Amino acid sequence: MKIVVIGGGWSGCAAALSAKKQGAEVALLERTDMLLGTGLVGGIMRNNGRFTATEELIAMSGGELFQVIDNNLLHKNIDFPGHRHASLYNVATMEPLIKNFLADKGVDIRMTVRVTDVEMKGDRIVAVTGRQLKKDVRFAGDAFIDATGTAGPPANCTKYGNGCAMCVLRCHSFGGRVSLAAKAGCQEMNGEKNGRIGAFSGSCKLHKESLSREIRDRLDTHGVAVVPLGDNQKLEGKLALKACQQYAIAEFEDNVVLLDTGHAKLMSPYFPLDLLRTVPGFEHARYEDPYAGGMGNSIRYIGMAPRDDSLKVNGVENLFCGGEKAGLLVGHTEAICTGTLAGYNAAASLNNEKPLILPSSLAIGDAIGHVRRQMVAKQERGLKFTFSGSVYFERMKTLDLYTTDQAAIAKRVKAAGMDGIFREGS
Ligand SMILES: Cc1cc2nc3c(=O)[nH]c(=O)nc-3n(C[C@H](O)[C@H](O)[C@H](O)COP(=O)(O)OP(=O)(O)OC[C@H]3O[C@@H](n4cnc5c(N)ncnc54)[C@H](O)[C@@H]3O)c2cc1C
């Protein structure tokens, strides 16, 4: 049984591992020369309800990637405005650790493979085709997972944003995102808000070396630096543009909020460089990602696949999806959780087993169902959902799903009959 995962972001990595653990032969195809996708420039884990979701997945025996991350943290259990008990991984060193981990588990990782088309037989995909640099390639399989994300290609960043900001996805070098679900004939959905399609990614990276010694010391010691802005330095309205609603609170407009992820993660979709350099300590600031972070950022949440709660894509018999492709879910934790379920169910479908739907007594199960239902209503596609804040974290608290008590989480997973469900050969 062969499963082909397209897209090597956090969701594709999790899907590949999960399918492999269920005995499938797995190929993971990534169009660039690095795994992790937007996770190459992220780093924030375990903030607010993400802690609960992480521990749920660990209790379900699906937490190996979280364990690799936990072993590569720069800061643990830190607070920043609106967020508690966050961990920050080192973005500079994360990717090879995950790549080696997956390779050791037997995942066949193929880099610089950009899938551009599908071969169908009725409602089933039989193979995906594309290019590996200058060579034509074809990968046949029994089930497929679309983990291509929702960022780019540059035409979308130009049409719906401020132009290509030259982000880590490097579309000009490796070719832009191509959606597998769309190629298989799916009518995809877009995030929409106030008449705008998609949303700006919500953070940039500054070279730490370009900041004052005092700010660097605060970042190295505490992981966080909050620097107040003067009235003439604030960019009013930029929070409304963000994909990450969990950071759309006043503190992020009134201050420069920096987090230490190896670089200085600037919690703003963009910030004109000349204006930023007027803030004390930022006189020599320079962007590391996106290179044109003074001007804009990548546009995301374009091309999400309609799917059910097992993460099977509607209308295609053997196609599953994870991460942002599975809906308006923001975050690495969210991508790892959905990717794990997609990989598991892709393997289950080939064994003629009933698909697994996670119960709503668990935050992960509730989120997957809730986001699907919300997305059916077009007016809700302006919202973004994450365990870490905004509307979904509020829902977690209302439903009593949020807790940092690891024993209580393990007990809840057991009560739902889900303990160990993702273990090898389950
Ligand atoms: C700047 C930025 C900062 C962020 N910071 C954080 C953070 O600190 N914490 C957090 O939790 N979340 C953060 N996020 C959000 C988070 O990164 C994403 O929501 C999540 O990681 C998405 O994972 P994914 O696998 O669904 O998609 P992606 O990360 O977009 O991965 C998709 C992958 O598919 C590949 N691909 C696309 N098309 C093809 C094709 N046709 N063939 C082969 N490969 C293809 C792409 O190259 C890419 O590697 C951030 C996002 C951005 C943009």
Side-chain angles (χ1 to χ4, degrees), residues 4-15 28-47 50 53-54 69 83 86-89 91 95 110-118 128-132 137 139 145-153 165 167-171 173-183 199-205 242-244 246-247 259 261 265-270 289-290 293 297-301 303-304 321-336 338-339 342 384-389:
V4 183
V5 182
I6 298 91
W10 277 119
S11 67
C13 290
L28 173 60
L29 314 181
E30 164 57 40
R31 70 179 177 87
T32 72
D33 57 359
M34 286 191 280
L35 295 178
L36 300 192
T38 55
L40 286 164
V41 288
I44 310 175
M45 307 296 292
R46 289 184 180 260
N47 45 335
R50 282 181 181 154
T54 299
I69 293 169
H83 293 258
S87 302
L88 303 177
Y89 68 70
V91 293
E95 192 266 348
R110 304 291 182 101
M111 306 305 296
T112 61
V113 172
R114 179 170 177 250
V115 169
T116 52
D117 216 341
V118 295
V128 292
T129 55
R131 304 273 284 176
Q132 185 168 30
V137 286
F139 291 85
I145 299 172
D146 187 341
T148 52
T150 62
C167 76
V168 75
L169 292 176
R170 298 165 292 158
C171 300
S173 309
F174 295 100
R177 170 178 63 90
V178 176
S179 164
L180 189 62
K183 289 286 173 189
F200 277 100
S201 294
S203 70
C204 311
K205 308 277 169 300
K242 291 180 71 141
C244 323
Q246 69 272 30
Y247 307 121
L259 301 175
T261 57
K265 184 176 171 81
L266 168 67
M267 301 301 286
S268 172
Y270 57 90
D289 175 81
N297 212 322
S298 53
I299 293 289
R300 310 213 315 279
Y301 296 98
M304 293 164 289
C321 63
E324 292 182 2
K325 198 76 213 171
L328 294 155
L329 283 153
V330 187
H332 312 328
T333 308
E334 293 74 359
I336 291 171
T338 52
K384 308 289 175 301
F385 301 90
T386 157
F387 301 114
S388 70

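Both ligands and their constituent atoms are indexed starting at 1 by order of listing. Only a predicted model underlies this, so the values are computations on that prediction, with no experimental measurement involved.
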Check this for me - ligand 1, [X], N or O atoms closer than 3.5 angstrom, yes or no?
{"X": "Val330", "result": "no"}
{"X": "Glu334", "result": "no"}
{"X": "Ile44", "result": "yes"}
{"X": "Lys205", "result": "no"}
{"X": "Glu324", "result": "yes"}
{"X": "Ser298", "result": "no"}
{"X": "His332", "result": "yes"}
{"X": "Leu329", "result": "no"}
{"X": "Glu30", "result": "yes"}
{"X": "Val41", "result": "no"}

Part of Thr386 within contact of ligand 1 (heavy atoms, under 4.0 Å): neither
Mode of Ile6 contact toward ligand 1 - side chain, backbone, both, neither (heavy atoms, under 4.0 Å): side chain
Side chains of Leu28 and Leu35 in contact at under 4.5 Å (non-hydrogen atoms): yes
Heavy-atom side-chain proximity of Ile69 to Ile336 below 4.5 angstrom: yes
Just how far is it from atom [atom1] of [X] to atom [atom2] of [Y], taken to the nearest 0.5 Å?
{"X": "Ser203", "Y": "Asn297", "atom1": "OG", "atom2": "CG", "value": "7.0 Å"}
{"X": "Thr150", "Y": "Met304", "atom1": "OG1", "atom2": "CE", "value": "7.0 Å"}
{"X": "Met34", "Y": "Leu40", "atom1": "CE", "atom2": "CG", "value": "5.0 Å"}
{"X": "Arg170", "Y": "Arg31", "atom1": "CZ", "atom2": "CZ", "value": "8.0 Å"}

Working for side-chain contact (heavy atoms from CB on, under 4.5 Å), residues Leu29 and Ile6: CA-CA 5 Å; Leu29 314 181; Ile6 298 91; 4.2 Å; yes
Aromatic plane relationship, Tyr89 with His332 - under 30° parallel, 30 to 60° tilted, over 60° perpendicular: tilted
Shortest non-hydrogen contact from Glu30 toward Gly7: OE1-C, 3.8 Å
Over all atoms of both residues, closest heavy-atom pair of Arg177 and Thr148: CD-O, 3.2 Å
Options [options], ranked by nearest heavy atom to [atom], top entry:
{"atom": "atom 53 (C) of ligand 1", "options": "Ser201, Cys204, Gly39", "answer": "Ser201"}
{"atom": "atom 4 (C) of ligand 1", "options": "Lys384, Lys265, Met267", "answer": "Lys265"}
{"atom": "atom 6 (C) of ligand 1", "options": "Gly8, Gly42, Gly293, Ser11", "answer": "Gly42"}
{"atom": "atom 33 (C) of ligand 1", "options": "Ser203, Ala335, Gly9, Ala86", "answer": "Gly9"}

Does ligand 1 have an atom that lies less than 4.0 angstrom from a heavy atom of [X]?
{"X": "Lys325", "value": "no"}
{"X": "Ala147", "value": "yes"}
{"X": "Met45", "value": "no"}
{"X": "Arg300", "value": "yes"}
{"X": "Met34", "value": "no"}

Counting from 1, what ligand 1 atoms have a heavy atom of [X] closer than 4.0 Å?
{"X": "Leu29", "answer": "43 (C), 44 (N)"}
{"X": "Arg114", "answer": "42 (N)"}
{"X": "Val113", "answer": "42 (N), 43 (C)"}
{"X": "Gly149", "answer": "27 (O), 30 (O), 32 (C)"}
{"X": "Gly323", "answer": "26 (O)"}
{"X": "Trp10", "answer": "21 (O), 25 (O)"}

Stepwise side-chain contact (heavy atoms from CB on, under 4.5 Å) check, Arg50 with Glu334: CA-CA 8 Å; Arg50 282 181 181 154; Glu334 293 74 359; 3.1 Å; yes
side-chain contact (heavy atoms from CB on, under 4.5 Å) between Lys205 and Thr261, worked out: CA-CA 9 Å; Lys205 308 277 169 300; Thr261 57; 4.0 Å; yes
Residues Leu88, Ile44; criterion side-chain contact (heavy atoms from CB on, under 4.5 Å); working and verdict: CA-CA 5 Å; Leu88 303 177; Ile44 310 175; 3.9 Å; yes
No-hydrogen, no-angle side-chain donor-acceptor test under 3.5 Å, Lys325 and Thr338: no
Check: residues 111-118 side-chain donor-acceptor pairs under 3.5 Å, at least two apart:
unit_1, atom_1, unit_2, atom_2, d
Arg114, NE, Gly176, O, 2.8
Arg114, NH2, Gly176, O, 3.2

Qualifying residues under side chain to side chain donor-acceptor pair (under 3.5 Å), relative to Arg46, sequence neighbours excluded: Glu55, Asp70
